Amino acid sequence: RVTSIADRLNVEFALIHKERKKANEVDRMVLVGDVKDRVAILVDDMADTCGTICHAAEKLVSAGATKVYAILTHGIFSGPAISRINNASFEAVVVTNTIPQEEKMKHCPKIQFIDISMILAEAIRRTHNGESVSYLFSHVPL
C-alpha cells in the first residue's frame with residue numbers, strides 16, 4: 001500500500017515496521033528508509049490511545065524529519081490520546097469525520113478533520129444503483 005500511494009503522489013517513502021508480541025502492544029518499531037531533512041506523513045487506519053503514532057512521530061524526529069503529520073481514517077482518541085498528541089511533535093493530526101471530533105478539537109488544536117460525507121454518499125448511491133465504486137478511487141466528489 002505504501003509504494004502504491006507514494007507512486008501516485010510521486011514521492012519517496014519510508015515506513016515504520018511494528019512488531020507485536022501480543023495484541024494492542026507494540027514491542028519494537030523499526031524505521032525503514034531515510035527521513036532526514038524531510039516532511040514525514042504518518043498514514044494509519046485508526047488511532048485509539050495514540051501510543052503507537054506518538055512513538056512513531058518521535059522516531060521520525062530523532063531520524064531527522066523536519067515536520068511530522070499524521071493522517072488517520074478513524075480518530076478514536078480514548079484515554080490518554082489527547083494528552084499524548086498535545087505533547088507529541090506533530091504539526092497536525094488529520095482525521096476523517098467518521099467519528100465526531102468537535103469535542104476533542106477543543107482540547108487539542110493539532111486535530112483537524114476532513115469531511116468525507118460526500119464520498120460516502122456517492123459510494124452508497126453507486127452501490128444502490130449497481131455502479132462502480134472503484135471509480136471513486138480516482139474521481140473524488142467535492
Side-chain angles (χ1 to χ4, degrees), residues 1-128 131-142:
R1 280 187 284 170
V2 173
T3 54
S4 173
I5 292 168
D7 287 347
R8 288 187 78 173
L9 296 174
N10 196 29
V11 296
E12 294 181 35
F13 73 94
L15 60 90
I16 294 181
H17 174 70
K18 301 183 291 192
E19 292 181 12
R20 298 182 189 272
K21 285 192 174 178
K22 58 184 181 179
N24 296 326
E25 191 175 303
V26 175
D27 181 51
R28 194 173 84 136
M29 281 187 174
V30 178
L31 174 63
V32 179
D34 181 24
V35 297
K36 186 169 176 41
D37 299 325
R38 297 184 181 179
V39 174
I41 302 170
L42 286 167
V43 179
D44 209 345
D45 58 347
M46 72 172 189
D48 186 2
T49 61
C50 295
T52 301
I53 65 163
C54 289
H55 184 194
E58 296 313 313
K59 187 159 281 292
L60 291 167
V61 169
S62 68
T66 57
K67 293 181 181 178
V68 180
Y69 294 85
I71 299 177
L72 312 165
T73 305
H74 307 290
I76 298 169
F77 304 141
S78 67
I82 297 302
S83 173
R84 285 177 173 169
I85 293 170
N86 280 330
N87 293 320
S89 55
F90 292 112
E91 297 291 318
V93 175
V94 182
V95 297
T96 67
N97 62 338
T98 57
I99 298 170
Q101 298 298 340
E102 290 76 15
E103 200 57 39
K104 306 287 185 184
M105 292 170 68
K106 289 178 187 175
H107 302 285
C108 184
K110 294 180 183 181
I111 297 174
Q112 300 175 18
F113 78 92
I114 297 172
D115 182 7
I116 61 165
S117 59
M118 291 302 293
I119 196 162
L120 290 178
E122 182 62 13
I124 292 167
R125 188 196 69 74
R126 287 177 164 278
T127 301
H128 179 75
E131 298 173 27
S132 170
V133 174
S134 61
Y135 173 86
L136 296 175
F137 296 148
S138 57
H139 299 84
V140 178
L142 298 175

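Keep in mind it's a predicted model, so treat the numbers as computed, not measured.
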Supply the atom-to-atom distance [X] [atom1] to [Y] [atom2], rounded to the nearest 0.5 angstrom.
{"X": "I119", "Y": "I124", "atom1": "CD1", "atom2": "CD1", "value": "11.5 Å"}
{"X": "L60", "Y": "K36", "atom1": "CG", "atom2": "NZ", "value": "13.5 Å"}
{"X": "F90", "Y": "C50", "atom1": "CZ", "atom2": "SG", "value": "7.5 Å"}
{"X": "L120", "Y": "L136", "atom1": "CG", "atom2": "CG", "value": "10.0 Å"}
{"X": "D48", "Y": "F77", "atom1": "CG", "atom2": "CZ", "value": "10.0 Å"}
{"X": "E103", "Y": "Q101", "atom1": "CD", "atom2": "CD", "value": "11.0 Å"}

Any side chain to side chain donor-acceptor pair (under 3.5 Å) involving residues 110-119? Give me the pairs, sequence neighbours left out, ordered by first then second residue.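 Residue pairs with at least one partner in residues 110-119: N97-D115, D115-S117.
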Atom of [X], atom of [Y] and distance for their closest heavy-atom approach:
{"X": "I99", "Y": "G75", "answer": "CD1-O, 3.8 Å"}
{"X": "A40", "Y": "A65", "answer": "CB-CB, 4.1 Å"}
{"X": "K104", "Y": "I76", "answer": "CE-O, 4.1 Å"}
{"X": "L72", "Y": "A47", "answer": "CD1-CB, 3.5 Å"}
{"X": "T73", "Y": "T98", "answer": "O-OG1, 3.6 Å"}
{"X": "I85", "Y": "C54", "answer": "N-SG, 4.0 Å"}

Is [X] reaching over with its side chain to a backbone N or O of [Y], donor-acceptor style, under 3.5 angstrom?
{"X": "T66", "Y": "R38", "result": "yes"}
{"X": "R28", "Y": "K18", "result": "no"}
{"X": "S83", "Y": "P80", "result": "no"}

What I'd like to find out is whether the side chain of [X] reaches to under 4.5 Å of the side chain of [Y], using heavy atoms alone.
{"X": "I16", "Y": "V32", "value": "no"}
{"X": "F13", "Y": "V11", "value": "no"}
{"X": "I82", "Y": "I111", "value": "yes"}

V95/I114 under side-chain contact (heavy atoms from CB on, under 4.5 Å): CA gap, chis, key distance, verdict: CA-CA 6 Å; V95 297; I114 297 172; over 6 Å; no
With sequence neighbours excluded, residues passing side chain to side chain donor-acceptor pair (under 3.5 Å) with T52: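 If we apply the side chain to side chain donor-acceptor pair (under 3.5 Å) test to T52, skipping adjacent residues, there are no hits.
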Is there a side-chain contact (heavy atoms from CB on, under 4.5 Å) between V94 and F113 once you walk through the steps? CA-CA 5 Å; V94 182; F113 78 92; over 6 Å; no
Would you sort out whether H55 and M29 count as a side-chain contact (heavy atoms from CB on, under 4.5 Å), showing the intermediate values? CA-CA 9 Å; H55 184 194; M29 281 187 174; 3.6 Å; yes
Under-4.0 Å salt bridge between E122 and R126: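 So E122 pairs with R126 through a salt bridge.
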Apply side-chain contact (heavy atoms from CB on, under 4.5 Å) to R84 and T49, showing your working. CA-CA 8 Å; R84 285 177 173 169; T49 61; 3.4 Å; yes
